Number of protein chains: 2
Amino acid sequence: MSTERVTIRHVAHSAGVSVATVSRVFAQSSSVSEELTARVLDAARRLGYTPHAVAQSLASGRTRVVGVLVPNLANPYFYALIKNMLHEADRDGYRLIVADSDESLAAEPALGMSLLGRSDGLIMLSPRCGSEVLKELGGQGKPIMVVNRQIDELGLSSVLLDNFTPMRQLAMHTVELGHRHLVYLQGPVRSWQEKERWRAMRSLRVPGVTVTPIRAGGTMENGRDSADRVLATGCTAVLAHNDLTAIGLIAGLNEHGVSVPGDISVTGFDDIPFARFTSPALTTVHSPQEDIGRATWRMTAGLLHGDRPGARTMLTTQPVIRASTAPPK
Amino acid sequence: MSTERVTIRHVAHSAGVSVATVSRVFAQSSSVSEELTARVLDAARRLGYTPHAVAQSLASGRTRVVGVLVPNLANPYFYALIKNMLHEADRDGYRLIVADSDESLAAEPALGMSLLGRSDGLIMLSPRCGSEVLKELGGQGKPIMVVNRQIDELGLSSVLLDNFTPMRQLAMHTVELGHRHLVYLQGPVRSWQEKERWRAMRSLRVPGVTVTPIRAGGTMENGRDSADRVLATGCTAVLAHNDLTAIGLIAGLNEHGVSVPGDISVTGFDDIPFARFTSPALTTVHSPQEDIGRATWRMTAGLLHGDRPGARTMLTTQPVIRASTAPPK
DNA sequence: CCTTGACAAGTAACCGGTTTCACAGCAAGG
DNA sequence: CCTTGCTGTGAAACCGGTTACTTGTCAAGG
């Protein structure tokens, strides 16, 4: 059963070289003569040697692991992002370790610290925690990437998607369709994205057009449960914080016998894979997860290689008009 | 910036004890006198000492990390499972490290090995790889849990959900509604779940009822793209491999002007969160992710504590009848 | 011919903990 | 008073690699 682990020393002995040489052969950095390289590789193969990742980490000080802290894995928005990053990271020989804070503000610091303890850096997706927590995490001396949140004070690198512009465009789209009474279904209050989207809605100063905010929360359940309050406003178009809320709302409206977009138009945000497959297909704002994921990883990799932190990448995107919006009756 | 790391020796020196004592205080296992414990904890606090996770792992041989290999993170089925396991594991002080094989059979061995290298064990969700790969992974001497796949030869522990019974019940449900010509939309051919579900369909020997299999693949895109072939059969009910395929199919049928369940009834499998929010709400089989996740973690934790592998937990479940099934016209 | 430099390979310190083993101190038992 | 046994503590080996430093070799340059 517990076959003694084959270590670098066994290989060294078997190949008739020093452990340093074996290490060098596997590191591929320093030069080792053709012959010795062959002897080492041969011995390693014969003995079935595999480097001990943990020992490598301790000795080299690098774990080749990066932590990812997600507010909620149950949101397709995040796993699309994670999936992309997983692959980008894999290509560079890095592994991602994921923790889910379950929308709990209180859990973020501890989880973050714990992740940092086992990794070379931390990627925080849509963190809601206070900046003092971010500062403390940054104090560990390891790279920290922040996604979907603008941090000015601390010199943290970040990747952002311009939420304001497309949200405004989306709102204008409904106005151009002829809607005059809009409702904005708010998401998690502390999230930067929510703030940006709501800011876009507020910025919409068109004569004769009113925007009513309704607090929801960002989940499908929240969306469905908002149906009553939405109907009470007598609005003809609802712009939801994200796709999940929009999908929930549509289901809720259907239950009330209200048709979308016949009676009320509804929009989302994120363009999660499902948005294309709902009926009616959802008008939303496309969030380029591939780009965000790639940009995030590239910047993280840069930080790991010693880049100076503080860079900010701002990506842009546009609304996607599908079938859930139509002129009012 | 790079403040010298505070090690156990600093703490020991500052508290006037040996490193062994400090280690013992933090391990909480061996007994250390009240007084020394207090001195050590005080010194640790003063110096801001945090144990070095990697060093602990190397020295103790345990990483307190468990790897999870997922065929496709983009499937809500899996992340619901993962999310549950994340929390169960967290409670026991374990962290999960996730890799996504992206439905690629070829990637499974390498990813699995890599995960095992940094962890104390491996949880494989719906693995499609050959049993020789599983055997090789098991040969590392670390616990392996297999979910959603029946392995007889190797003595691996597994958690299974009885797919056969509820699938059969679901099919019977459509038959009882009056459907005579059923289509079964197949998922990933190599998956155990697919085999079980298809076995259930084939077992349905009711006079006058035919079952036509159509190969799809398990994603929403696959479902939508199957609409043509489904319509060509002239069937009145389609049982899809899973919810994703069903949702895709419904969207595809809608595009063809076919209404669900008016013209054709459609069912899914898994009861992903979205299933409740589609219109029509999806008739499906509920998959108890909380139970599966909890059972999986509990068994994994058991293995980590030295339980003998080979146990098999079989969970059961039932169909959930919603609005996507109705009597044929 | 001797120095200098480049380079291959080895030696051993080190990463930061855990754990075995030895030892000191003390109480109980004979 | 001398074993015996137990408990709390320390010294040091160890986990399995990496890497700074040293040594030895050989070719080029003066």
Side-chain angles (χ1 to χ4, degrees), chain A residues 2-41 43-44 47-65 93 116-120 140-142, chain B residues 2-41 43-44 47-65 93 116-120 140-142:
Chain A
S2 168
T3 51
E4 274 311 302
R5 173 170 252 289
V6 180
T7 75
I8 202 174
R9 304 182 207 262
H10 297 148
V11 178
H13 182 255
S14 165
V17 301
S18 73
V19 292
T21 301
V22 178
S23 176
R24 290 191 183 107
V25 167
F26 280 89
Q28 294 175 333
S29 57
S30 315
S31 53
V32 178
S33 73
E34 290 273 327
E35 193 214 330
L36 287 197
T37 302
R39 286 228 308 268
V40 166
L41 289 179
L47 273 55
Y49 168 74
T50 340
H52 191 294
V54 176
Q56 287 181 311
S57 297
L58 178 59
S60 66
R62 291 176 304 120
T63 63
R64 307 231 110 204
V65 169
L116 265 184
R118 322 190 157 286
S119 57
D120 296 341
Q140 297 295 301
K142 293 179 181 176
Chain B
S2 167
T3 51
E4 273 310 302
R5 173 169 252 287
V6 180
T7 76
I8 202 174
R9 304 183 207 260
H10 297 147
V11 177
H13 183 254
S14 163
V17 301
S18 74
V19 293
T21 301
V22 178
S23 176
R24 290 190 182 108
V25 167
F26 280 89
Q28 296 176 330
S29 59
S30 317
S31 55
V32 178
S33 73
E34 289 272 325
E35 194 213 329
L36 287 198
T37 302
R39 285 226 309 266
V40 166
L41 289 180
L47 273 52
Y49 168 74
T50 340
H52 192 294
V54 175
Q56 286 181 313
S57 298
L58 178 60
S60 67
R62 291 176 304 120
T63 63
R64 308 229 109 205
V65 169
L116 265 184
R118 322 189 155 285
S119 58
D120 295 342
Q140 296 295 300
K142 294 179 179 175

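Worth saying up front: this structure is predicted, and the values here are computed from it rather than measured. All chains are named by letter (A, B, ...) in the order of the sequence lines, taking the proteins before the strands, and each is independently numbered beginning at 1.
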*Atom CG of Leu58(A) to atom C1' of dT18(D): distance rounded to whole Å?*
10 Å
*asked:* In this structure, how many angstroms lie between the P atom of dG16(C) and the NE2 atom of His10(B), rounded?
replied: 8 Å
*Hey, which of these two, Ala27(A) or Val32(B), hits DNA chain D nearer its 5' end, going by closest nucleotide?*
Val32(B)
*Whole Å only: how far is the CG atom of Leu47(A) from the P atom of dG17(D)?*
12 Å
*Determine whether any donor atom in the side chain of Arg9(B) lies under 3.5 Å from an acceptor atom in the base of dG17(C), or the reverse, and answer yes or no.*
yes
_Rounding to an integer number of Å, can you tell me how far Phe26(B) CZ sits from dT18(C) P?_
9 Å
*Report yes or no: does Asp120(B) contribute a side-chain atom to a donor-acceptor pair with the main-chain N or O of Thr63(B) at less than 3.5 Å?*
yes
_Passing option when Val22(A) is tested against Leu41(A), Val17(A), Leu36(A), Val32(A) for side chain to side chain contact (heavy atoms under 4.5 Å, CB included)_ = Val17(A)
*With a 4.0 Å cut-off on heavy atoms, is Val17(B) in touch with a base, just the backbone sugar-phosphate, or nothing at all?*
sugar-phosphate
*asked:* Just to be sure I understand the rule, does Ser57(B) reach a base, reach only the sugar-phosphate, or reach nothing, if contact means heavy atoms closer than 4.0 Å?
replied: nothing
*asked:* Need one value for Ser23(B): base, sugar-phosphate or nothing, where a base atom within 4.0 Å counts as base even if backbone is also close, heavy atoms only.
replied: base
*Would you indicate, yes or no, if dG8(D) has its OP1 or OP2 atom less than 4.0 angstrom from a side-chain nitrogen or oxygen of Ser31(B)?*
yes
*Determine, stepwise, if the pair His52(B) / Leu58(A) fulfils side chain to side chain contact (heavy atoms under 4.5 Å, CB included).*
CA-CA 9 Å; His52(B) 192 294; Leu58(A) 178 59; 4.2 Å; yes
_Over all atoms of both residues, closest heavy-atom pair of His10(B) and Arg5(B)_ = CE1-O, 3.3 Å
*Look at the side-chain N and O atoms of Gln56(A) and state whether any lies under 4.0 Å from the OP1 or OP2 oxygen of dT18(D).*
yes
*Does Ser33(B) place a side-chain N or O at less than 4.0 Å from the phosphate oxygens OP1/OP2 of dT7(D)?*
no
*Return the nearest nucleotide to the side chain of Ser60(A); candidates are dT9(D), dT19(D), dG17(D).*
dT19(D)
_Below the 4.0 Å mark, does dG10(D) have OP1 or OP2 next to a side-chain nitrogen or oxygen of Ser18(B)?_
yes
_Here's a test of your reading of the structure: between Pro51(B) and Arg24(B), which maps to the more 5' nucleotide of DNA chain C?_
Pro51(B)
_Whole angstroms only, please: what is the CZ-C1' distance between Arg62(A) and dT18(D)?_
10 Å
*Atom-to-atom span, CD1 of Ile8(B) to P of dA11(D) - whole angstrom*: 14 Å
*Does OP1 or OP2 of dA9(C) have a side-chain N or O of Thr21(A) closer than 4.0 Å?*
no
*Which heavy-atom pair separates Arg118(A) from Ala53(B) by the least distance, and what is that distance?*
NH1-CB, 3.6 Å
*Does Ser60(B) use its side chain to pair, donor to acceptor, with the backbone of Gln56(B) at less than 3.5 Å?*
yes
*Distance, rounded to the nearest Å, where Arg64(B) contributes CZ and dG17(C) contributes C1'*: 15 Å
_I need the NE2-P distance between His13(B) and dG10(D), as an integer number of Å._
13 Å
*Tell me which nucleotide among dT18(D), dG16(D), dT18(C) gets nearest to the side chain of His52(A).*
dG16(D)
